[in-house]
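Beneath this line is the structure, given in structure tokens, with notes to follow.
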Amino acid sequence: MKLEMKKGIDILSNLGSVVSVEEARNIFEKKCDSDNLKKISTIKNEEALLKIANAIALFQPDSVWFNTCSKEDLQTARNGALENGEEFKIKFEGHTCHYDLPEDQARLVKQTYYIYNEGEDISSLALKQERSEAKAYIKEHMTGIMKGKKMLASIWSRGPIGAKASIPAIMITDSYYVVHSGNILYPNAFNDFDSEVARAGLFFTNCHSYGQFKSEDVPKARVYMDRSWQTTFSFFCTYAGNTLLLKKGNHRFTVDHCTYYRVEEELSEHMFITGLTGPGNRKTFIVGAAPSGCGKTTTAMVGTDFIGDDLAQIWIERDGTVRAVNPEIGIFGIVKDVNYRGDPYLMKCLRGEIPSEVIFSNVLIEEDGTPRWEGDGDQEPTSGKNFLGDWTPEKKYVNGNPVPCSHPNSRCTLSNADIENYNRELGVDPAGVPIKIITYSGRDSDTNPPVWAAKNPDQGVVIGASILSAATATEVGAVGVRRQPWANAPFVPGSLADYTHAQFKFFNSNKIKEKPVMAGLNYFLTHAARGGEPGDNRLLGEKRDVKPWLTWLEIRAHGEVMAINTPIGYLPLFEDLKTIFNETINKEYTNKLYNKQFSLYIDNIIARIDLQTKAYEKEENCPERLFEIYEEQKVGLNSLKEKYGPIVKPSELIEAGGTE
Ligand code: SPV
Ligand code: MN
């Protein structure tokens, strides 16, 4: 069954028991000083007032503070996080560090649930809990959870105010760190809330409490998404991916909207948005999906006109262009392996060269206050403090494994506006940016080439459907190689078949005037997989190569280069790459490397197709088109294999399929 809004009990209202606006106002009178009463008096939307009042009734804080994002309120949030010990100052002005509990260093996947009503389909890749059970758990653990504390309520917008795809959201928490982070990551909507709700037709409500910040409480932690009432509940955790619910909590709701209510109109994707400057100074905008920890931020930063590193709301505009906005205005980026060579723009902020407000999390802090992380490019640190306390290189976990100086999912939170290549105007333009290229990438050591372009929208959808990755540090408890459909699967609440259907509908829509180029990217091919010694897991490419791959796509999207026609899509020609590598990163690109990177390893690709086909066959009502495309590719690959053997070189691919 499809998703139905406002179905079943609204858990927050039911547990809070506030039903009239009058009662709500009485509650505000009791909990707010005059300053805060004045702030809340500007909000007229009754549904929102009831949500906030019910949160107060359920969580029972001593007092309530409203964050209007005024200069004064921004400072109050910063000070609050320092005063209550959630953050502390480090070396550079405006930089702070926050530690999460050791057990709460990433998204708590196994403690994250969709609340469902009888008969509703939930993604086969997600956990679910029936409404009454979830209500009982929330009642047990969230009743009075803010006793003795101040409740902090913010209203931000997921996207530029006024954009077609933006939705306002309320965030209720007892954590100043969450408020401080939200102030960096989301546009303020306190003053525009009523008009934005009227425009968007809805708003999200998010509730969080870190409880007592105790390790023993983390197993009881939950992140709940009540899809029917667009409300989230998160407790006993602090990691921003679990607590700053505008990020992934509300992303899940927007995925629902696009899948069930805005088919052929809008998509909500786990994608960066960035612009490249092409010949003649033209700007070409790209959105790209990658699972957490697979180079999404790095790819975004390669652009001359960075817009966003994590999420994209994409729609078809009336003029037939595909446009995108970033629901965020800052990044919550992984710092592992961020260094001057690969990420110069970020490093300038992180190393204090450009004055900026940065919240580091779970990194090592040296005695002089310098933040350090694995792969930061400096000399290995010798001592400091991290999320586990005092650290030296000798420090071991109980299982004997060495403790890295920083957690692999350590992050930095900073405003896009502080990043040199951010396009300050277009980044917040409600009109969004026109998208010409869409990429999908995973972490694939042995199968796909570094870049290939779909021949048509159906093939493009299949590239998205087929993303795989090795487990990364962004989810607690993740191991092995996993399917990562569209890199968005952790955030798809409903059935994957419905989501797939919406992808086909969108990209095949007649409303799109000029179809964007859809492409696969893979930075992770190893020497071992391309004729090297077994176990030689060094990468064939390096971070810097991202720029040439994107540049080839930029030129291809403008129809200015030919490409090899293969069953999986179009591959670049050597001569073009040679020129592009030279011009973009001044690197000699050799024919030998080209042959390694762009020969098709037929058996590997077919094994992938079989793996995907089997998995999708288990999904009820999966679009037939998906299987047809896989089958078409398989037939093409098998006939190549018959003629050329299991490894088909680019020259043979040209002979077989020609160039277009
Ligand atoms: C990711 O893991 O994809 C992130 C960080 O962007 S989190 O907020 O944890 O989702
Ligand atoms: Mn993400």
Side-chain angles (χ1 to χ4, degrees), residues 98 100-101 103-112 125-126 156 158 169 171 173 175 177-178 180-182 184-186 206 208 221 223 225 232 234 237-255 268-274 287-301 307-313 326-338 346 359-363 387 407-414 416 439-443 467 469-478 482 484-493:
H98 159 87
D100 297 294
L101 290 167
E103 301 78 8
D104 180 29
Q105 293 283 313
R107 268 184 281 117
L108 294 165
V109 179
K110 292 185 178 133
Q111 289 158 265
T112 298
L125 302 174
W156 293 302
R158 292 185 87 262
M171 177 81 228
T173 180
S175 163
Y177 162 66
V178 167
H180 184 195
S181 302
I184 295 174
L185 291 174
Y186 298 97
N206 300 292
H208 162 254
V223 181
M225 264 68 54
T232 65
S234 150
C237 45
T238 62
Y239 170 67
N242 296 320
T243 61
L244 183 47
L245 293 150
L246 271 83
K247 200 170 185 50
K248 295 309 184 346
N250 293 167
H251 175 56
R252 293 168 168 115
F253 294 153
T254 54
V255 171
S268 181
E269 299 297 308
H270 193 207
M271 287 180 168
F272 67 79
I273 310 172
T274 202
V287 290
S292 311
C294 293
K296 191 150 49 69
T297 302
T298 299
T299 312
M301 289 297 159
I307 304 283
D309 83 323
D310 195 38
L311 299 169
Q313 294 294 133
N326 177 7
E328 310 188 295
I329 49 168
I331 73 169
F332 175 57
I334 293 180
V335 287
K336 184 165 187 265
D337 295 329
V338 168
L346 262 186
I359 312 174
F360 288 91
S361 56
N362 306 315
V363 293
F387 65 100
H407 190 277
N409 195 33
S410 305
R411 299 216 169 219
C412 55
T413 302
L414 65 157
N416 287 342
T439 68
Y440 299 95
S441 51
R443 189 177 274 270
I467 296 177
S469 88
T472 63
T474 61
E475 294 179 345
V476 170
R482 295 188 312 152
Q484 296 269 14
W486 291 276
N488 210 10
F491 319 112
V492 174

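Index from 1, following the sequence. When a ligand or atom number is given, it counts from 1 through the structure's own listing order.
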| said: Among the N, O or S atoms of D310, which one sits nearest to the Mn ion (ligand 2)? | reply: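 Restricting D310 to its N, O and S atoms, the minimum distance to the Mn ion (ligand 2) goes to OD1.
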Hey, which atoms in ligand 1 end up nearer than 4.0 Å to a heavy atom of [X]?
X    : result
D310 : 6 (O)
Y239 : 5 (C), 7 (S), 9 (O)
S292 : 1 (C), 2 (O), 3 (O)
G241 : 7 (S), 8 (O), 9 (O)
K247 : 6 (O), 8 (O)
R107 : 1 (C), 2 (O), 3 (O), 7 (S), 9 (O), 10 (O)

| query | With a 6.0 Å cut-off on ring centres, are F332 and Y239 close enough? | reply |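 Between Y239 and F332, which both carry aromatic rings, the centre distance is below 6.0 Å.
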| Taking the six-membered ring for Trp, are the ring centroids of H98 and F360 within less than 6.0 Å of each other? | no
| Ion pair D309/K296, N-O distance below 4.0 Å |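 Salt bridge absent between D309 and K296.
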| Contact flag K247/the Mn ion (ligand 2), N/O/S atoms, threshold under 2.8 Å | no
| note | Between P291 and H270, the two heavy atoms sitting closest are C-CE1, 4.5 Å
| query | Which atoms form the tightest heavy-atom contact between I467 and A487, and what is the distance? | reply | CD1-N, 3.8 Å
| Distance only, no hydrogens: is a donor on one side chain within 3.5 Å (strictly under) of an acceptor on the other, for T232 and N206? | yes
| Distance-only N or O hit between ligand 1 and H270, under 3.5 Å |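 Yes - when backbone and side-chain N and O of H270 are compared with those of ligand 1, one distance drops under 3.5 Å.
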| task | Quickly, which of N409, T238, D100, N362 forms a side chain to side chain donor-acceptor pair (under 3.5 Å) with Q105? Name it, please. | result | N362
| query | Does K296 have a non-hydrogen atom less than 4.0 Å from ligand 1? | reply |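 So K296 does not count as touching ligand 1.
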